[in-house]
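Report on one structure; see the data block that follows.
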Amino acid sequence: MNIKHFSILTLVACIIAAGISHAALLVSEEIQARVSAGEELLRKGDFGEAAHAWEDALELLDRDQSPEIYMDTLAHLGHAYKALGLHEKAQSLFTESLPVLEKSGDRHRNALFLSHLSDIHLTLGELKDSVTFMERAIQEARAAGQPAVLADILNNAANLLVADGNIKDAVATYQESLGIIKEAGGMDELRAKVLLNMARVHLSVGDLPAMAQTMETAAGHIKTLPDAYAKADNLITLALLMRDAGNKEENAELRQNAWESLKEAGRISEALKDLRILSRVYGHMGELYEDEGRYEEALGLTRSAVFFAQQMNSLETLYRWHWQMGRIFKSQGNIEDALQAYQRAVGTLDPIRIQLFRGHRWQKDHFNEHIRPVYIGLADIYLTQADALSDPKAREAKLKHARDTMEVLKTAELQNFFNDECVTAMAEDKVSLDRTPPHTAVVYPIPLEDRLAVLISLPESMTHFNIPVDAQKLRQTARRFRMTEIQNLRQLTAMFQTFGFRICFGFRHSDFGFCLHSNQIYRRRYDETLVFFNNIRLRCHHADSAVDGIPSGCGGSG
């Protein structure tokens, strides 16, 4: 977020006029130096070091004596924390500083403070609190009479409306922000942000003509910005929008424009020696080549992205490039290298996934788009390897790896759903069920893009089979299950018949047998237990309700 603040020098002059002591002035000069250092680091995109500088400044400040400087520095620091993914830390910082707001009569700073706090609540998924603080922020901003403040806050308000699904009012609010910017002049970086936000919203609702017009305006405006971190960042955002639009419309020209935007961002990042931005440029270039099936070129670019991300210890991007390498290797049929790349991706992602769950205003399903597929992809490779093995022990070892990967994903899904790391403590007490009790089978479905893999754990062995049903058809079935209350066997079999499913499995060396298809469900014995672990995001229905008289269990993360 690009916010126009009062000059720290002006505030120091006010302190002198108020008769503050020479010692206090020296402290203010030191604070000024630290704040200025943070601003310079921010321009370079070094959010971590910028945050350290502003943390030091806040420690030196007396918020009761210098509330204006304190609130300006707080705004800077909150922005840095959000950029680093430290949303809870930002929320805590602003909440603890609410007493400063209550004492302040400076509507301009109050509006910015409230807008920041609203945006933090929004990134944490706390919509009700976000709305409360945003309404106060807009009220303060309109009363302050400062166009730069109001335009910035209206951009945040529009983001909030998008998150609430109110697209019409969101677009109108973006347009109001742009109107204020045009009338007041300046605010070039903010204008770029608002235009990109509008283009993203138009794309998300399929309004392609409005998207194309807004994107063209944004591209022309971004070219006029000075070469700096903000311009490179905006160019990457623009390129990703062009890529998505190009893929949706099968428009080669848009994809080429995306490439050109990334090239320009790369030129700027090389001049600035900004390795974090450079990693993103190479990674997304590799993504474009991956889309086109140009795997060798994609692999070279992705390796460069990994290298630069490692130099900056940028884990939030590093895991994505390892994952991308895994996908490329798999597409080339190089399963062993794909496995290693996926393992590196999961190893990088595991420590930071809680941080990545939150902080995404735009993508309501960020977890299922950018985190879940990493674990599913790794499990898929283990299952592919199992299919190629003839030795029962080696095959079972691969199946266990696939199951264990899905168990890690289950814990991650619970953490994502409850927004709570404490779920991890529950997972530490779990018992691995390599062998089931007598007369018990554990049915463990793993949905993949091109098939449904079903793992079966039995008292004497572990095996699996594949059902040739693609992910889209399975999702359709899942939606039907979620919408239908199944009361009896007739309803259940009719449901499966509608979609043409036939699932049967039985084992010669076991007392267990089970068959499900379009006209019958039966089991060989009535004293056996089935436990279903749900990985298909279905709501779990007890088999008792579907098959009269058959005791069974049902478990999972439904």
Side-chain angles (χ1 to χ4, degrees), residues 1-15 17-18 35 58 61 63-79 82 90-91 93-123 126-164 166 168-191 193-194 197-198 361:
M1 188 183 299
N2 199 26
I3 302 174
K4 187 176 180 181
H5 294 287
F6 282 132
S7 167
I8 296 295
L9 290 172
T10 303
L11 293 172
V12 171
C14 293
I15 293 171
V35 171
L58 284 181
L61 273 167
R63 67 187 192 183
D64 293 325
Q65 288 189 2
S66 307
E68 298 89 353
I69 304 177
Y70 185 88
M71 292 178 74
D72 282 349
T73 308
L74 185 69
H76 282 308
L77 184 55
H79 174 50
K82 287 189 289 182
Q91 183 186 51
L93 180 70
F94 273 78
T95 302
E96 290 173 3
S97 302
L98 275 171
V100 181
L101 172 74
E102 303 303 331
K103 294 179 182 178
S104 172
D106 189 328
R107 290 187 177 278
H108 148 249
R109 287 185 173 83
N110 291 352
L112 291 173
F113 181 102
L114 291 164
S115 177
H116 269 292
L117 192 51
S118 171
D119 194 54
I120 292 165
H121 281 290
L122 176 58
T123 59
E126 298 163 358
L127 194 62
K128 184 177 179 180
D129 289 333
S130 181
V131 169
T132 297
F133 287 113
M134 182 55 70
E135 288 173 346
R136 292 178 61 189
I138 293 174
Q139 183 179 0
E140 291 285 319
R142 294 194 187 281
Q146 294 198 22
V149 175
L150 181 57
D152 184 76
I153 290 174
L154 287 173
N155 177 57
N156 286 343
N159 294 342
L160 176 55
L161 288 165
V162 173
D164 198 31
N166 191 342
K168 182 179 178 181
D169 286 348
V171 172
T173 306
Y174 285 132
Q175 289 172 337
E176 183 182 357
S177 177
L178 289 171
I180 293 169
I181 292 170
K182 181 178 180 180
E183 184 177 347
M187 296 179 275
D188 290 335
E189 289 182 14
L190 177 59
R191 182 173 184 239
K193 292 291 184 188
V194 178
N197 287 342
M198 280 187 66
R361 307 176 192 87

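Residues: numbered from 1 along the sequence shown.
Listed by first and then second residue, the ring pair (Phe, Tyr, Trp, His ring centres under 6.0 Å) pairs that reach into residues 134-153 come to none, sequence neighbours excluded.
With sequence neighbours left out, the ring-ring contact (aromatic ring centres under 6.0 Å, His included) criterion links Phe94 to Phe113, His116. Every side-chain contact (heavy atoms from CB on, under 4.5 Å) that Ala157 has, sequence neighbours left out, goes to Met134, Ile138, Thr173. Annotation: side chain to side chain donor-acceptor pair (under 3.5 Å) contacts of Asp129 (sequence neighbours excluded): none. With sequence neighbours excluded, the residues satisfying side chain to side chain donor-acceptor pair (under 3.5 Å) with Arg107 are Glu140. Partners of Phe133 by ring-ring contact (aromatic ring centres under 6.0 Å, His included), not counting sequence neighbours, listed by chain and number: His121. Contacts of Thr95 classified as side-chain contact (heavy atoms from CB on, under 4.5 Å), with partners at least two apart in sequence or in another chain: Gln91, Leu98, Leu117. Remark: Glu183 pairs with no residue by the side chain to side chain donor-acceptor pair (under 3.5 Å) rule, at least two apart or across chains. Every residue was checked against the side-chain contact (heavy atoms from CB on, under 4.5 Å) condition with Ala172, not counting sequence neighbours, and none meets it. By the side chain to side chain donor-acceptor pair (under 3.5 Å) test, Ser130 is found to be paired with Ser118, residues two or more places apart in sequence or in another chain being considered. Listed by chain and residue number, Tyr81, Lys82, Ile120 satisfy the side-chain contact (heavy atoms from CB on, under 4.5 Å) test with Ala90 (two or more places apart in sequence, or in another chain).
Between the CG atom of Leu161 and the CG atom of Asn156 there is a distance of 11.0 Å, given to the nearest 0.5 Å. Rounding to the nearest 0.5 angstrom, the gap separating the OG1 atom in Thr73 from the CG atom in Leu58 is 5.5 Å. In this structure, CG in Asp72 is found 10.0 Å from CG in Leu61, a value given to the nearest 0.5 Å. The distance from atom CG of Leu154 to atom CG of Leu190, rounded to the nearest 0.5 Å, is 9.5 Å.
Across every non-hydrogen atom of Ala111 and Ala141, the tightest pair is CB-N, 3.6 Å. Minimum heavy-atom separation, Ser177 to Ala151: OG-O, 2.8 Å. Pairing each heavy atom of Leu127 with each of Ala163, the nearest pair is CD1-CB, 4.4 Å. Scanning all heavy atoms of the two residues, the minimum distance from Ser115 to Ala137 falls at N-CB, 3.6 Å.
Put simply, the side chain of Leu160 does not reach to within 4.5 Å of the side chain of Asp164, judged on heavy atoms. The shortest distance between side-chain heavy atoms of Met71 and Leu112 does not fall below 4.5 Å. At a threshold of 4.5 Å between non-hydrogen side-chain atoms, the residues Arg109 and Leu114 do not count as touching.
Counted by atom type alone, Asp119 and Asn159 present zero donor-acceptor pairs between their side chains at under 3.5 Å.
In summary, Glu176 and Lys182 do not engage in a salt bridge, as defined by a charged side-chain N under 4.0 Å from a carboxylate O.
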Would you sort out whether Asp152 and Asn155 count as a side-chain hydrogen bond (donor to acceptor under 3.5 Å, both in side chains), showing the intermediate values? CA-CA 5 Å; Asp152 184 76; Asn155 177 57; 5.3 Å; no
Candidate pair Leu150 and Gln146, rule side chain to side chain contact (heavy atoms under 4.5 Å, CB included), full reasoning: CA-CA 6 Å; Leu150 181 57; Gln146 294 198 22; over 6 Å; no
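A side-chain donor-acceptor contact under 3.5 Å links Ser97 to the backbone of Leu93.
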